[in-house]
Amino acid sequence: MSRRAWVAFAAVSLIWGVPYLFIKIAVRGGMPPLPLAWGRVAIAAILLTGLAWRRGTLGSLRGRGRWLAAYAVAEVCVPFPAIGFGEQRVPSSLAAILIAAVPLVVTVLNMRFDPEEKLTRRRAVGLLVGFGGVIALVGVQVAGSASALLGTGALLLAAVGYAIGPIVLKLKLDGLDPSAAIGGILTIAAVILAPLAALDLPSRTPTAGALLCVVELGVVSTAAAFVIMTVLIREAGTGRAMVITYVNPVIAVALGVILLGERVGAGALVGLLLILTGSWVSTGGGVPPTLKGRRRIGMRSPTAPLPERLESRS
């Protein structure tokens, strides 16, 4: 890869590894999950819709409103608040590990909704290994705590949302301009989340750190990440760019341990290893499954998975 590609790769790997840290700081600082999600989405929507408007590409969204809304709900309106809710109850490192299971869920859903995807022996082994990691993680790390189990359930719900979104993208939204699509999706999500956020206002004034985290999540982890991701894919190609899928959770775990003092037990480490291995094997040892068949539109995660998924990835 070129030097520019390596810089972009490092930047995106870091940018999409840090949202779990900032979400944890924000919820600790008094920012409820729904206002947190709305603030992040609204900021990014303004920036990316403005970019699409300057490029004159918003017209490409005509006639796609229903599916843009479906994608917005699956990819943003459900996962973003669910991750905040989950991180109120479990460490950010555990949240990152659970969201790393998204490729596994995508593989299962693709076999049901995409006729091109078939269950092979290799894929079956990968799924067994990956979901075995989820079971190990939940059974060892959070068993015995009702609050942690509730948070884990919310995070797994977020993972399912992140997995559904790309399928809608592939089947119904292929061919759209990337900046227009992301801007439109985030705008719809902001409108949907606004009344819900108004019902979940903070009981106390959030700290300055919490508010800064919301700004970072909107400007850097969503809007700027999309722009950098497009550079990476242009310079290195989709397959190489998507290796970040396996790098992000490792960065998130490291940040949780180093900066937040979180303790990662044996169950979490084993779970992470099995989940990443299972994802790698079940997707053919390379590009995540949602990349297949999508080459014309750009793009969630985890937490920051949105630009990533729109750019031909999961």
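Bear in mind that the values here come from a model prediction, so they are computed numbers and not experimental data.
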Tell me which donor-acceptor pairs under 3.5 Å the side chains of residues 259-273 have, and how far apart each pair is, sequence neighbours excluded?
from : atom 1 : to  : atom 2 : distance (Å)
E262 : OE1    : S92 : N      : 3.4
E262 : OE1    : S92 : OG     : 3.1
E262 : OE1    : S93 : N      : 2.9
E262 : OE1    : S93 : OG     : 2.9
E262 : OE2    : S92 : N      : 2.8
E262 : OE2    : S92 : OG     : 2.9

- [ ] Check L104, L98, V106 against V102 for a side-chain contact (heavy atoms from CB on, under 4.5 Å) and give me the one that passes.
- [x] V106
Task: Minimum side-chain heavy-atom gap L201-P32 below 4.5 Å - done: no
Task: Shared hydrophobic cluster for I251 and V253 (ILVMFWY, side-chain gaps under 4.5 Å) - done: yes
Task: side chain to side chain donor-acceptor pair (under 3.5 Å) between T107 and R123, worked out - done: CA-CA 8 Å; T107 300; R123 182 165 290 170; 5.2 Å; no
Task: Rounded distance (nearest 0.5 Å) linking atom CG of L137 with atom CG of L94 - done: 5.0 Å
Task: Stepwise side-chain contact (heavy atoms from CB on, under 4.5 Å) test for L149 and V138 - done: CA-CA 8 Å; L149 286 172; V138 175; 4.0 Å; yes
- [ ] Indicate yes or no for a side-chain donor-acceptor contact from T222 to the backbone of L217 under 3.5 Å, with no hydrogens or angles considered.
- [x] yes
Task: Joint hydrophobic cluster, L212 plus W38, side-chain heavy atoms closer than 4.5 Å - done: no
TODO: Kindly give the heavy-atom pair with the smallest separation between G218 and A44, and that separation in Å.
DONE: O-CB, 3.5 Å
Task: Taking every non-hydrogen atom, the tightest pair across I99 and A158 - done: CD1-CB, 4.0 Å
Open item on the list: Would you say that P81 contacts L193 through its side chain, given a criterion of any heavy-atom pair below 4.5 Å between the two side chains?
Closed with: yes
- [ ] Give me the one residue out of V41, L47, I46 that meets side-chain contact (heavy atoms from CB on, under 4.5 Å) with I43.
- [x] L47
Task: From CD1 (I83) to CD (Q88), nearest 0.5 Å - done: 13.0 Å
- [ ] Start with the C-alpha gap between I275 and F131, add the side-chain angles, then the distance that decides, and say whether side-chain contact (heavy atoms from CB on, under 4.5 Å) holds.
- [x] CA-CA 7 Å; I275 289 169; F131 284 117; over 6 Å; no
Open item on the list: Hydrophobic cluster membership, with links at side-chain heavy-atom distances under 4.5 Å among I/L/V/M/F/W/Y: are V250 and V134 in one?
Closed with: yes
TODO: Report yes if the side chains of L211 and T207 come closer than 4.5 Å at any heavy-atom pair, otherwise no.
DONE: no
Task: Gap separating the CG atom of L58 from the CH2 atom of W53, nearest 0.5 angstrom - done: 9.5 Å
TODO: Please confirm whether the backbone N or O of F85 pairs with a side-chain atom of R89, one donor and one acceptor, at under 3.5 Å?
DONE: yes
- [ ] Work out which heavy atom in A42 is nearest to a heavy atom in A190; give both atom names and the distance.
- [x] CA-CB, 4.2 Å
Task: Donor-acceptor under 3.5 Å (R122 side chain, V281 main chain) - done: yes
Open item on the list: Working note: E75 + I185, criterion side-chain contact (heavy atoms from CB on, under 4.5 Å); need CA distance, chi angles, decisive distance, verdict.
Closed with: CA-CA 9 Å; E75 189 75 17; I185 288 164; 5.8 Å; no
Task: Same apolar cluster: W16 and V215, side chain cutoff 4.5 Å - done: yes
Open item on the list: Which heavy atom of P35 sits nearest to which heavy atom of M31, and what is that distance?
Closed with: CB-SD, 3.9 Å
Open item on the list: Considering only residues two or more places apart or on different chains, which pairs with a residue in residues 187-201 satisfy side-chain hydrogen bond (donor to acceptor under 3.5 Å, both in side chains)?
Closed with: T49-T187
Task: Interatomic distance, L34 atom CG to L36 atom CG [nearest 0.5 angstrom] - done: 9.0 Å
Task: Over all atoms of both residues, closest heavy-atom pair of L276 and A100 - done: CD2-CB, 4.3 Å
Open item on the list: To the closest 0.5 Å, what do you measure between CG (L274) and CD1 (I97)?
Closed with: 11.0 Å
TODO: First locate atom CG of L157, then atom OG1 of T152, and finally report the distance between them rounded to the nearest 0.5 Å.
DONE: 12.5 Å
TODO: Answer with yes or no whether the hydrophobic clustering places V78 together with I192; edges join I, L, V, M, F, W, Y residues whose side-chain heavy atoms lie under 4.5 Å apart.
DONE: yes
Task: Shortest non-hydrogen separation from A72 to I188 and the atoms involved - done: CB-CG2, 4.0 Å
